[in-house]
Chemist: 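My structure is below; once you've seen it, I'll send some questions.
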Amino acid sequence: MTLMNWQEKMNEKQDSLLSDLISLLRIKSVKDPGSSSASAPMGERVAEALEFMLGKARKDGFRTKNIEGYAGYAEMGPEDAEGYIAVLCHVDVVPASAGWTSPPFEPEIREGKLFGRGAIDDKGPTMAAYYAFSLLKELGLPLKHRVRIIFGTDEESGMSCMAKYLETEPHPITGFAPDADFPIIYAEKGQVNLQLDYQKEDTSAIAGDIQVLSFQSGERANVVPDSAEAVLFGQGLSDAAERFKSYCRKQKLEGSSSIDQDQLTLNVKGQSAHAMEPEKGINAAAHLASFLSSEKLDSRGQGYMEFIAGHLAGDHYGKGLSIDFSDEITGPLTVNPGIFRYGTEEAFIHLNIRCPVKTPYEEMHQNLEETARTHGFRISGLRERLPHHVDKNHPLIKTLQRVYLEETGLEPSLLTTGGNTYARMINNGVAFGALFPGREDKAHQKDEYIIIEDLLKAAAIYVRAIHELANLDY
């Protein structure tokens, strides 16, 4: 079969692929603990998305398994083969903020692009990989190893799904995750998630002061928050509102304010972005805190706002926290303060830190703890993932480089990322597409989309890659 035939075969499936993808995109598969159950640990809608893919796989004649609602897989190839190749996908998505041109869970095609939450992360690539999988079965091509396409349900919130999968299933020989960029991501930064709990006791505002009643922003630590709100109480609120208006104008921000009796509510709009590239977003909370830090606040609120303004705002690389670091493999450490909550009952900031391969973790933790303690914060809920790195000469990488070059004519350079994919969960796993070089990345942002031509091109690359990986000697 010629190289062109892979693309031609996949182009013939465009209508059915898009129809299935649109159906999957309509499922609002955002993690929902409120509807969690034994069979749906991530919530009812995530379980619905998982069953959508498994049901389709069963109908198409694949061997399938649902692993307690955490993950599932479809498998083909010789059942007696000792090992298998994994294609690691996920059906959960991050929440959709306001401001979309069309509703995020009502997919729409415009100018050759399919818009919807999950279109590029990761439902579009998942469907492309599934159709590649399906085409291999349809063509009846021989496979030396089994191949599994795995559907995870908790990639965006901790990857507990893959942890459960690997507890119950044998590890694959190798594999890839169609959940990032082409050509090949062979190294991923580590990740540290933690909460900074503010320890300073509540104090009442004295005459002339402004008391911060509440401050909140962000829903997910791995997304730059694009909106923030503060509610203030006290004297001189009209003047504060005017100063806020001036601040927003100078910073070229969209902001609004309203006064109801003795309370002033301030709102800031920013721009969301993936936490692996916080510099591409506009952190609404950091801007609002920076404004408030210059106001005459009650002492508790002042300390909270000044810490954000002085140690987090405008600093994406951890200098203000004394944890900045960079290496030649994956570049600089990055910090995304993604969730902010301040009130009488609690006050905290949730940080998402992406760590280079060679990060000195012990020193980083010590410096971060010292900075936090000095400013009245305590670290809690720390979760850590170590970096992931595959040897450049591994057969997986060499095969994918050759396939990518021959299918696209583009240089199959090796990339690194601050993002975390399922590839890090297995031995010798890499991320492989589906975003092509030079394309806009709208993952985790409003108006997320995938270019239909690219979707089909990725599927053609995947079908050849899966076939060749499944016939290598390892």
Side-chain angles (χ1 to χ4, degrees), residues 1-27 49-64 72-77 85-91 107-116 118-143 147-151 175-179 182 400 403-404 406-409 432-436 439 448-471:
M1 181 169 290
T2 64
L3 295 179
M4 181 60 68
N5 279 348
W6 295 112
Q7 188 67 67
E8 290 175 354
K9 287 286 186 181
M10 199 54 68
N11 288 345
E12 293 171 2
K13 298 182 177 296
Q14 174 175 328
D15 290 346
S16 60
L17 193 162
L18 288 176
S19 177
D20 284 333
L21 177 52
I22 287 170
S23 295
L24 181 60
L25 290 171
R26 287 197 176 110
I27 303 172
L50 175 61
E51 180 53 33
F52 178 90
M53 293 307 303
L54 291 177
K56 180 168 180 56
R58 284 193 295 270
K59 182 179 178 182
D60 291 341
F62 294 107
R63 302 185 293 269
T64 66
Y73 67 78
E75 182 183 83
M76 66 176 172
I85 309 301
V87 181
L88 304 135
C89 307
H90 69 91
V91 297
E108 185 173 296
I109 295 175
R110 303 192 299 272
E111 299 179 348
K113 302 173 182 177
L114 175 57
F115 290 82
I120 192 66
D121 184 19
D122 182 46
K123 291 179 177 179
T126 293
M127 196 61 72
Y130 179 81
Y131 265 74
F133 204 67
S134 181
L135 180 57
L136 275 181
K137 185 175 186 299
E138 177 185 315
L139 296 175
L141 296 176
L143 301 174
V147 183
R148 284 185 182 180
I149 181 168
I150 301 168
F151 309 110
F176 66 84
D179 189 21
F182 281 125
L400 296 183
V403 168
Y404 181 79
E406 293 177 357
E407 288 295 322
T408 67
F432 188 46
L435 189 71
F436 285 92
R439 297 302 198 192
E448 179 182 349
Y449 68 85
I450 191 167
I451 297 171
I452 294 172
E453 180 184 356
D454 289 357
L455 177 70
L456 296 171
K457 186 186 298 184
I461 292 170
Y462 291 150
V463 68
R464 183 177 171 195
I466 293 168
H467 179 245
E468 295 201 15
L469 290 173
N471 285 288

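All values below come from the heavy atoms of this structure, side chains included, with hydrogens, waters and symmetry mates left out.
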Chemist: So does Glu406 pair up with Arg464, basic N to acidic O under 4.0 Å?
Modeler: yes
Chemist: Would a 4.5 Å heavy-atom cut-off, applied to side chains only, mark Glu12 and Lys9 as touching?
Modeler: yes
Chemist: Could you measure the distance from the CZ atom of Phe151 to the CD atom of Glu51? Nearest 0.5 Å is fine.
Modeler: 11.0 Å
Chemist: Look at the side chain of Asp179 and the backbone N and O of Leu88, then say whether any donor-acceptor pair between them is shorter than 3.5 Å.
Modeler: no
Chemist: With rounding to the nearest 0.5 angstrom, report the CE to CG distance, Met10 to Asn5.
Modeler: 12.0 Å
Chemist: Can you give me the closest heavy-atom contact between Ile466 and Ala129, atom names plus distance?
Modeler: CD1-O, 4.4 Å
Chemist: Determine the minimum heavy-atom distance between Ile109 and Leu114, stating which atoms define it.
Modeler: CG1-CD1, 3.7 Å
Chemist: Let me know which of Gln14, Glu8, Gln7 forms a side chain to side chain donor-acceptor pair (under 3.5 Å) with Asn11.
Modeler: Gln7
Chemist: Rounded at 0.5 Å granularity, tell me how far CG in Leu21 sits from NZ in Lys123.
Modeler: 9.0 Å
Chemist: Provide the closest heavy-atom pair for Phe62 versus Lys137 in the form atom of the first, atom of the second, distance.
Modeler: CE2-CD, 3.2 Å
Chemist: Indicate every side-chain donor-acceptor pair of residues 453-463 with a distance under 3.5 Å to a residue at least two apart or in another chain.
Modeler:
unit_1, atom_1, unit_2, atom_2, d
Asp454, OD1, Arg439, NH2, 3.2
Asp454, OD2, Arg439, NE, 2.7
Tyr462, OH, Phe432, O, 2.6

Chemist: Would you name the heavy atoms of Val403 and Ala465 that are closest together and state the gap between them?
Modeler: CG1-N, 4.1 Å
Chemist: Provide the closest heavy-atom pair for Leu136 versus His467 in the form atom of the first, atom of the second, distance.
Modeler: CD2-CB, 3.6 Å
Chemist: Going through the checks in order, is the side chain to side chain contact (heavy atoms under 4.5 Å, CB included) test met by Met53 and Ile149?
Modeler: CA-CA 10 Å; Met53 293 307 303; Ile149 181 168; 6.0 Å; no
Chemist: Considering non-hydrogen atoms only, spot the tightest contact between Thr126 and Cys89 and give its length.
Modeler: OG1-CB, 3.1 Å
Chemist: Does either side chain, that of Tyr131 or that of Asp20, offer a donor lying less than 3.5 Å from an acceptor on the other one?
Modeler: yes
Chemist: Please determine whether side chain to side chain contact (heavy atoms under 4.5 Å, CB included) holds for the pair Phe176 and Val87, giving the CA-CA distance in whole Å, both sets of side-chain angles, and the decisive distance to 0.1 Å.
Modeler: CA-CA 5 Å; Phe176 66 84; Val87 181; 3.9 Å; yes
Chemist: Could you give the distance from NZ (Lys113) to CD1 (Ile452), rounded to the nearest 0.5 Å?
Modeler: 11.0 Å
Chemist: Could you state the interatomic distance from CD1 (Ile27) to CD1 (Ile22), rounded to the nearest 0.5 Å?
Modeler: 13.0 Å
Chemist: Would you say the side-chain atoms of Glu448 pair up with the backbone N or O of Gly118, donor to acceptor, closer than 3.5 Å?
Modeler: yes
Chemist: What's the separation between atom CZ in Arg148 and atom CD1 in Ile85, rounded to the nearest 0.5 Å?
Modeler: 11.5 Å
